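So the structure is just underneath, and the comments pick up after that.
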Amino acid sequence: MYTSVTEKNKRKAQKDAAVFLGVSILTGLFGAIYELFSHEVYSYFMIYAFAFPLLLGTLPCLFLSLSGGTRYPNALCRNLYHAGIATLTTGSIMRGVLDIYGTTNSLSNIYWFAGIPMTVLPVFIFCFQRKKLRAVKNENAAA
């Protein structure tokens, strides 16, 4: 793999990590401000909504950038994974809003049913692609 490609992947991972860190901070501020005006009614979904972009977005991207950029998923995996994180974050905020308002809605479960597969499936695709790539490299090295 060319050095320019690994450097490009490393920069992409660092940029994604910075974006997810910014989203985490903004989500945390939104939750704090929203609960400030909620008349002392709190929701753990609103309080911890920042954790999805922080734990599922920032940390894996930092890990990928520290790996030197050689292991970076393709656009399909990245976009699906990022959409899953956005879905889980939005679902957590919506559930928090409904909890603070004092009502429930069964449709808020759709966020979890959509977000979890959208974050898990790209990880499996990425691992499968890495395994397939290693098999091809080993096959070429043996020939």
Side-chain angles (χ1 to χ4, degrees), residues 1-38 40-141:
M1 187 172 275
Y2 297 107
T3 306
S4 62
V5 173
T6 58
E7 285 298 317
K8 187 177 177 182
N9 287 343
K10 188 175 180 178
R11 283 194 307 270
K12 280 183 190 177
Q14 290 170 346
K15 180 184 172 193
D16 287 346
V19 168
F20 278 118
L21 183 62
V23 169
S24 298
I25 291 169
L26 290 175
T27 304
L29 285 173
F30 174 78
I33 292 169
Y34 194 90
E35 291 192 3
L36 183 68
F37 295 106
S38 67
E40 298 194 21
V41 179
Y42 302 105
S43 170
Y44 288 115
F45 289 101
M46 184 68 79
I47 292 172
Y48 296 114
F50 75 93
F52 291 111
L54 182 67
L55 298 177
L56 296 176
T58 304
L59 295 180
C61 288
L62 281 177
F63 175 74
L64 288 172
S65 72
L66 293 176
S67 72
T70 58
R71 292 183 270 166
Y72 200 67
N74 61 8
L76 173 69
C77 290
R78 278 195 325 269
N79 292 338
L80 189 59
Y81 188 73
H82 294 173
I85 294 171
T87 303
L88 291 172
T89 305
T90 304
S92 183
I93 290 172
M94 290 302 297
R95 179 70 185 265
V97 167
L98 292 174
D99 286 350
I100 290 171
Y101 185 67
T103 187
T104 59
N105 188 346
S106 62
L107 293 176
S108 64
N109 293 332
I110 291 175
Y111 289 106
W112 310 116
F113 291 133
I116 291 172
M118 284 177 18
T119 54
V120 173
L121 183 64
V123 173
F124 285 125
I125 293 171
F126 176 64
C127 291
F128 177 73
Q129 287 175 345
R130 293 290 300 170
K131 186 177 178 183
K132 188 176 172 183
L133 182 65
R134 280 192 202 124
V136 168
K137 283 184 180 180
N138 290 339
E139 192 176 287
N140 289 341

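Starting from 1, each residue takes its place in the sequence as its number. Everything numeric in this text was worked out from a predicted model, so none of it was measured.
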Hey, can you pull the donor-acceptor pairs under 3.5 Å for the side chains in residues 11-35, sequence neighbours left out?
| residue | atom | partner | partner atom | Å |
| --- | --- | --- | --- | --- |
| Asp16 | OD2 | Tyr72 | OH | 2.4 |
| Ser24 | OG | Phe20 | O | 2.9 |
| Ser24 | OG | Leu54 | N | 3.0 |
| Thr27 | OG1 | Val23 | O | 2.7 |

Give the minimum heavy-atom separation between [X] and [Y], together with the two atoms involved.
| X | Y | value |
| --- | --- | --- |
| Ile116 | Thr119 | O-OG1, 2.9 Å |
| Pro60 | Gly57 | CD-O, 3.6 Å |
| Thr89 | Ala49 | CG2-O, 3.9 Å |

If you define the side chain from C-beta out and look only at heavy atoms, does anything of [X] sit under 4.5 Å from [Y]?
| X | Y | answer |
| --- | --- | --- |
| Leu98 | Ser108 | yes |
| Ile93 | Phe45 | no |
| Tyr111 | Thr90 | yes |

So how far is it from [X] [atom1] to [Y] [atom2], rounded to the nearest 0.5 Å?
| X | Y | atom1 | atom2 | answer |
| --- | --- | --- | --- | --- |
| Ile47 | Tyr44 | CD1 | OH | 6.5 Å |
| Met94 | Met46 | CE | CE | 9.0 Å |
| Leu107 | Asn105 | CG | CG | 4.5 Å |
| Met118 | Thr87 | CE | OG1 | 3.5 Å |

> Are Gln129 and Cys77 close enough, and set up right, to give a side-chain contact (heavy atoms from CB on, under 4.5 Å), and what steps lead you there?
Replying inline: CA-CA 10 Å; Gln129 287 175 345; Cys77 290; 4.2 Å; yes

> Hey, does the side chain of Ser92 reach the backbone of Leu88 with a donor-acceptor pair shorter than 3.5 angstrom?
Replying inline: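 Not a single qualifying donor-acceptor pair exists.
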
>> Taking ring-ring contact (aromatic ring centres under 6.0 Å, His included) as the cut-off, I'd like each qualifying pair that reaches into residues 85-106, sequence neighbours left out, listed once.
In response: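 Every pair satisfying ring-ring contact (aromatic ring centres under 6.0 Å, His included) with a residue in residues 85-106: there are none.
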
>> Checking side-chain contact (heavy atoms from CB on, under 4.5 Å) between Pro73 and each of Leu64, Asn9, Ile125, which is the one that passes?
In response: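 Between Pro73 and the candidates, side-chain contact (heavy atoms from CB on, under 4.5 Å) is satisfied uniquely by Leu64.
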
> Are more than 12 heavy atoms from other residues, nucleotides or ligands located less than 6.0 Å from atom CZ of Phe126?
Replying inline: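 More than 12 within 6.0 Å, yes.
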
